[in-house]
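All remarks here apply to the structure that follows.
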There are 2 protein chains.
Amino acid sequence: MSEATPTTRDGSASARIAEAVRRAILSGEYQPGERIVQEELAERHGGSRIPVREALRQLESEGLVRLVANTGAWVQSLTMGQCSEVYQTRERLEPLLLRHSAEHLTDEVIQSLDGLAQRMENSQDLEEFLELDRQFHFTTYRAEGTHVLRDLVTRLWNTTQPYRRAYTGLVDAEHMRIFHDDHHMLVSALRDGDMKLAEQIVAIHIRRTRVNLERHPEIFPHTTPDQE
Amino acid sequence: MSEATPTTRDGSASARIAEAVRRAILSGEYQPGERIVQEELAERHGGSRIPVREALRQLESEGLVRLVANTGAWVQSLTMGQCSEVYQTRERLEPLLLRHSAEHLTDEVIQSLDGLAQRMENSQDLEEFLELDRQFHFTTYRAEGTHVLRDLVTRLWNTTQPYRRAYTGLVDAEHMRIFHDDHHMLVSALRDGDMKLAEQIVAIHIRRTRVNLERHPEIFPHTTPDQE
DNA sequence: ACAGGTCATAATGGATGCAATCAGTCCACT
DNA sequence: AGTGGACTGATTGCATCCATTATGACCTGT
């Protein structure tokens, strides 16, 4: 947005554009199903369409964008089934990632987790809430040297972010209470060094969210039957 | 062999080139750490560098290629730790994928699994063996409508293929016997409809392979310490 | 009025050409 | 002889231009 500087200096333009579009999708600025026009992006970033196209290819591989040859690009939209699949995948992977992170969860880190959980309870803004939630969980995923798994989990979060946003907007007080309790229980388990319990809590937390999501099919527009 | 590609269905040049390079990496024609020159690829496919660059971006996102700005592209090489990580991920995901595939595993499919397992035991050629192994497992991953998880697993297989090749080349007769037994046990469990057991077998099968891989650090050259 | 077909517009896909950057080599200097 | 720096060849990054394709409007015919 404020990146109007036409510097050819730092990293490549395609990387910058990919980053910008990714952020726009995650922030809700672009919504699932929305058309992405190459030239518009090129103009916005002060370049030609070449780096834009490379960025879109990359985002397609990340699952954030859908490309159709000779036709165009759209922000990827998921069916409820696909979204559920991602959550089932997360349910299996994030406990594993948490386990690998165990040794890096110092008292200091756990302290900041406590702070994040508190701020979430006080948060009134949807976007802030989503950001805090993400920060909270990824703070527990500190595994160093293991980039593969964390990058994978990051992508899974990214592709489902629009639906997490939509769902969070209409969750009731009771479920929100449970949501926060999960977080506090997770912090307690980590503080006690009970990783076995911590893994279970994460898995249940993700599963609970998935089940709740599946109760809101209205979040997933069934407009595009052919989704590849 | 035609089922192993997660690419889009369009026939654009960049998709074709990505497919070709992917296949070259999986077949061992390109080896980890090997330099990839854009112009060479462009010439080989009778085009310009533009689609080549898009293909490389895509392959980078898939974890098969490593790009460095203004410098070049290399076939991605993994450390033993990263490879192990992928196997741990597979150990969690493939049982889940298998479970989702249960309803599609008809008698006919199980019959073909039996055939594949047999052909593997008789196979003397390394490349054929690898291909049959891949076909065997992906034949069990028939989940329809669930493309997310299967594509993910496909990518995990792809990124570790070179090391699977290197390892398979120096496995002894005893381990090979166990390897085949796993396959036969899996077919039996599927034939009995005992999905719980089948999931366990797959998990153990993957774990066993990982542990064996970790006994062969010589497969992983430690030449590139800075791996992003 | 509706169905079918034709054409114009717009957006994408790709080729060529030029500027920027990196790697290796050679040379000067200590 | 070893070290540091400039130069050159090679390669990547990007912009401009042209070809191709899809989409939607318009028109014609029934």
Side-chain angles (χ1 to χ4, degrees), chain A residues 3-22 24-25 30 33-61 64-77 223-228, chain B residues 7-22 24-25 30 33-61 64-77 223-228:
Chain A
E3 292 288 328
T5 56
T7 69
T8 62
R9 181 63 200 89
D10 60 329
S12 64
S14 65
R16 275 207 329 268
I17 295 173
E19 172 64 25
V21 175
R22 188 184 301 114
I25 293 175
Y30 282 146
E34 192 172 336
R35 174 73 185 271
I36 299 176
V37 179
Q38 295 179 4
E39 192 137 13
E40 179 198 341
L41 269 180
E43 193 171 359
R44 183 183 307 185
H45 294 277
S48 79
R49 283 167 37 224
I50 298 295
V52 171
R53 288 173 49 177
E54 292 178 14
L56 291 178
R57 285 276 173 204
Q58 183 179 339
L59 294 172
E60 183 196 26
S61 264
L64 289 175
V65 161
R66 177 164 167 252
L67 289 179
V68 179
N70 290 316
T71 304
W74 288 264
V75 177
Q76 181 67 283
S77 64
T223 50
T224 55
D226 57 344
Q227 192 78 309
E228 161 88 10
Chain B
T7 67
T8 56
R9 65 184 184 283
D10 63 14
S12 64
S14 64
R16 274 208 332 269
I17 295 173
E19 171 65 25
V21 175
R22 187 184 303 112
I25 293 174
Y30 282 145
E34 192 172 336
R35 173 74 183 272
I36 299 176
V37 179
Q38 294 179 6
E39 192 136 12
E40 178 199 342
L41 269 180
E43 193 170 0
R44 183 183 308 186
H45 290 90
S48 78
R49 282 166 38 223
I50 298 295
V52 170
R53 290 168 55 91
E54 292 178 15
L56 291 178
R57 286 275 172 208
Q58 182 180 339
L59 294 172
E60 182 193 27
S61 262
L64 289 176
V65 161
R66 179 163 166 250
L67 289 179
V68 178
N70 288 317
T71 303
W74 288 264
V75 177
Q76 182 68 282
S77 62
T223 50
T224 56
D226 57 342
Q227 192 81 306
E228 163 157 2

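All chains are named by letter (A, B, ...) in the order of the sequence lines, taking the proteins before the strands, and each is independently numbered beginning at 1.
In this entry the distance linking CZ of A:Arg16 with P of D:dC14 reads 8 Å, nearest Å. For B:Leu41 and C:dA15, the CG to P distance is 13 Å, given to the nearest whole Å. With rounding to whole Å, B:Ile17 atom CD1 is found 12 Å from C:dA15 atom C1'. Spacing between atom CD1 of A:Ile50 and atom P of C:dA19 amounts to 17 Å, rounded to whole angstrom units.
With sequence neighbours excluded, the residues satisfying side-chain hydrogen bond (donor to acceptor under 3.5 Å, both in side chains) with A:Arg22 are A:Glu19, A:Glu62. The salt bridge (charged side-chain N to carboxylate O under 4.0 Å, His left out) test applied to B:Glu40 returns B:Arg44, not counting sequence neighbours. Looking at residues two or more places apart in sequence or on another chain, you find a side-chain contact (heavy atoms from CB on, under 4.5 Å) between B:Ala24 and B:Glu29, B:Tyr30. Partners of A:Arg53 according to the side-chain hydrogen bond (donor to acceptor under 3.5 Å, both in side chains) rule, which considers only residues two or more places apart in sequence or in another chain, are B:Glu54. When the side-chain hydrogen bond (donor to acceptor under 3.5 Å, both in side chains) test is applied to B:Glu39, no partner is found at least two apart in sequence or on another chain. Listed by chain and number, the residues in a side-chain contact (heavy atoms from CB on, under 4.5 Å) with B:Ala55 are B:Ile17, B:Ala18 (sequence neighbours excluded). Among residues two or more places apart in sequence or in another chain, the side-chain hydrogen bond (donor to acceptor under 3.5 Å, both in side chains) test is passed with B:Glu43 by none.
Taking each heavy atom of B:Ala42 and B:Ser48 in turn, the nearest pair found is CB-O, 3.4 Å.
In this structure, A:Trp74 and A:Ser48 both approach DNA chain D, and ranking their closest nucleotides by distance from the 5' end singles out A:Ser48.
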Task: nucleotides 5-13 of chain D: protein proximity per nucleotide (B base, S sugar-phosphate only, - neither; heavy atom, under 4.0 Å) - done: ------SBB
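Helix-axis bend for the helix from C:dA1-D:dT30 to C:dT30-D:dA1: the local axis fitted to the five terminal pairs at one end deviates from that at the other end by 10°, rounded to 10°.
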